K.L.:
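So that we are looking at the same thing, I have put the structure below in structure tokens.
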Amino acid sequence: MFENDNKVHILDHPLLQHKLSILRDERTGVKEFREIVSEIAALECYEATRDLPTEEVEIKTPVATGTFQVLAGKKLAIVPILRAGLGMVDGILDLIPSAKVGHIGLYRDPETHQPVEYYCKMPSDISERDVIVLDPMLATGGSASAAITFIKGYGCKHIKLMNVLAAPEGIQVIRRDHPDVDIYVAGVDEKLNEHAYIVPGLGDAGDRIFGTK
Ligand code: PRP
Ligand code: URA
């Protein structure tokens, strides 16, 4: 469905698919669920940072001096959407320890399925940073779209969205509202149900990460 859309990166690596299948299993407990969400975020991060610029530096190895690549100092921020996005933070910070972390709190109104904002705290220099927005689930797309609109309000120009699992409806909303944003996701499921849950999905990501159900 999104094969020809170069802004939608469906990451079909076998390791990601295997880990996503473990998340889907209703028997997977909180500890394992949390660990795997973090691992998936790290694996996705590898793809989402593929275009980071590098520069050449001279390094003296124990054998000889050579010219080698290092990151060019591009500033990054990650912004988890509370709560479930928090589960992706550590996996990314393991790879990019210098990234700053903003937080945006949104929940879906259970009746209207519309996002309601309740918290926001961004790094003071967020406008100078490339931003990766984190949320395991992209269902209707309402939460992620609102979060991206909010972050753009700070002047951010380069924003990516990283999810574990999406519904086609959510991807379409992000493509419509934010055509400049690249989406990285490990799976795209069939549809949403009448409660706007992804089918077959993996259930409520926040509840499964934090053990609240
Ligand atoms: C979940 C999920 C996303 C949102 C996705 O959060 O983590 O933020 O739903 O749905 P949408 O694409 O239809 O907006 P939820 O509102 O359940 O809050 P929580 O993370 O605090 O559990
Ligand atoms: N939020 C979740 O946590 N799961 C879904 O399937 C949809 C929204």
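Whatever order the structure lists ligands and atoms in, that order sets their numbers, starting from 1. Basis for what follows: all heavy atoms, side chains included, without hydrogens, waters or symmetry-related copies. Quick caveat: nothing in here was measured; it's all calculated off a predicted structure.
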K.L.:
Just how far is it from atom CD1 of Ile183 to atom CZ of Phe2, taken to the nearest 0.5 Å?
P.N.:
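Answer rounded to 0.5 Å: 7.5 Å.
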K.L.:
Distance to 0.1 Å, residue and atom name: give those for the protein heavy atom nearest to atom 5 (C) of ligand 1.
P.N.:
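Here the closest protein heavy atom is Met137 O, 3.5 Å.
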K.L.:
Which residues pass the side chain to side chain donor-acceptor pair (under 3.5 Å) test with Asp182, not counting sequence neighbours?
P.N.:
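Side chain to side chain donor-acceptor pair (under 3.5 Å) check on Asp182 returns Lys7, His9.
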K.L.:
Considering distance alone, does some N or O of Arg83 sit under 3.5 Å from an N or O of ligand 1?
P.N.:
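N/O-N/O distance below 3.5 Å exists for this pair.
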K.L.:
Using heavy-atom distances, let me know which of Ala144, Gly170, Gly141 sits nearest atom 12 (O) of ligand 1.
P.N.:
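Shortest heavy-atom distance from atom 12 (O) of ligand 1: Gly141.
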K.L.:
Within a distance under 4.0 Å of any heavy atom of Tyr107, pick out the atoms of ligand 1 and give their elements.
P.N.:
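In order of numbering, the contacting atoms are 16 (O).
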K.L.:
Looking only at N/O atoms, are His113 and ligand 1 under 3.5 Å apart anywhere?
P.N.:
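Min N/O separation from ligand 1 is not below 3.5 Å for His113.
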K.L.:
Return the set of residues passing side chain to side chain contact (heavy atoms under 4.5 Å, CB included) with Asp51 (not counting sequence neighbours), or none when no residue passes.
P.N.:
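Checked Asp51 against side chain to side chain contact (heavy atoms under 4.5 Å, CB included); matches are Lys160.
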K.L.:
Counting each atom of ligand 1 from 1 as listed, which ones have a heavy atom of Ala139 under 4.0 Å away?
P.N.:
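Checking each atom against Ala139, I get 10 (O), 11 (P), 12 (O), 13 (O).
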K.L.:
For atom 3 (C) of ligand 1, decide whether some protein heavy-atom distance is shorter than 4.0 Å.
P.N.:
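It does; a protein heavy atom is within 4.0 Å.
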K.L.:
Quiz question for you: does at least one protein heavy atom lie closer than 4.0 Å to atom 20 (O) of ligand 1?
P.N.:
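Under 4.0 Å from atom 20 (O) of ligand 1, at least one protein heavy atom found.
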K.L.:
In terms of residue, atom name and distance, what is the protein heavy atom nearest to atom 15 (P) of ligand 1?
P.N.:
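Going atom by atom, the protein heavy atom closest to atom 15 (P) of ligand 1 ends up being Arg108 N, 4.3 Å.
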K.L.:
Assess Ala205 for proximity to ligand 1: is some non-hydrogen atom of it under 4.0 Å away?
P.N.:
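The answer is no: ligand 1 sits nowhere under 4.0 Å from a heavy atom of Ala205.
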K.L.:
With sequence neighbours excluded, what pairs up with Ile22 under the side chain to side chain contact (heavy atoms under 4.5 Å, CB included) test?
P.N.:
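Listed in chain order: His18, Thr28, Glu32, Ile36.
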K.L.:
Backbone or side chain, does any N or O of Ala196 fall under 3.5 Å from an N or O of ligand 1?
P.N.:
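No - when backbone and side-chain N and O of Ala196 are compared with those of ligand 1, no distance drops under 3.5 Å.
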K.L.:
Could you go through the salt bridge (charged side-chain N to carboxylate O under 4.0 Å, His left out) check for Asp204 and Arg208 one step at a time?
P.N.:
CA-CA 6 Å; Asp204 188 304; Arg208 295 194 69 189; over 6 Å; no
K.L.:
Report, in ascending order of atom number, the atoms of ligand 1 lying under 4.0 Å from any heavy atom of Ser143.
P.N.:
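Per the distance check, 4 (C), 8 (O), 11 (P), 14 (O).
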K.L.:
Rounded to the nearest 0.5 Å, what separation is found between the CD atom of Glu44 and the OG1 atom of Thr49?
P.N.:
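OG1 of Thr49 is found 11.5 Å from CD of Glu44.
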K.L.:
Tell me, please, whether Tyr118 has Arg108 positioned over its six-membered ring: NZ or CZ under 6.0 Å from the ring centre and within 45 degrees of its axis?
P.N.:
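Because its charged atom misses either the 6.0 Å distance or the 45° angle limit, Arg108 does not stack over Tyr118.
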K.L.:
Can you produce the list of protein nitrogen or oxygen atoms under 3.5 Å from a nitrogen or oxygen of ligand 2, alongside each distance?
P.N.:
| from | atom 1 | to | atom 2 | distance (Å) |
| --- | --- | --- | --- | --- |
| ligand 2 | 3 (O) | Ala205 | N | 2.8 |
| ligand 2 | 4 (N) | Gly203 | O | 2.8 |
| ligand 2 | 6 (O) | Ile198 | N | 2.8 |

K.L.:
How does Asp135 reach ligand 1, if at all, at less than 4.0 Å between non-hydrogen atoms: by side chain, backbone, both, or neither?
P.N.:
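It is the side chain that gets close, since no backbone atom is under 4.0 Å.
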K.L.:
Please determine which of Lys157, Lys152, His158 meets the side chain to side chain donor-acceptor pair (under 3.5 Å) test together with Asp180.
P.N.:
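Testing Asp180 for a side chain to side chain donor-acceptor pair (under 3.5 Å) against Lys157, Lys152, His158 leaves exactly one candidate, Lys152.
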K.L.:
Tell me which one of Val133, Asp135, Ile104, Val101 satisfies side-chain contact (heavy atoms from CB on, under 4.5 Å) with Pro80.
P.N.:
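It is Val101, the one option of Val133, Asp135, Ile104, Val101 that forms the side-chain contact (heavy atoms from CB on, under 4.5 Å) with Pro80.
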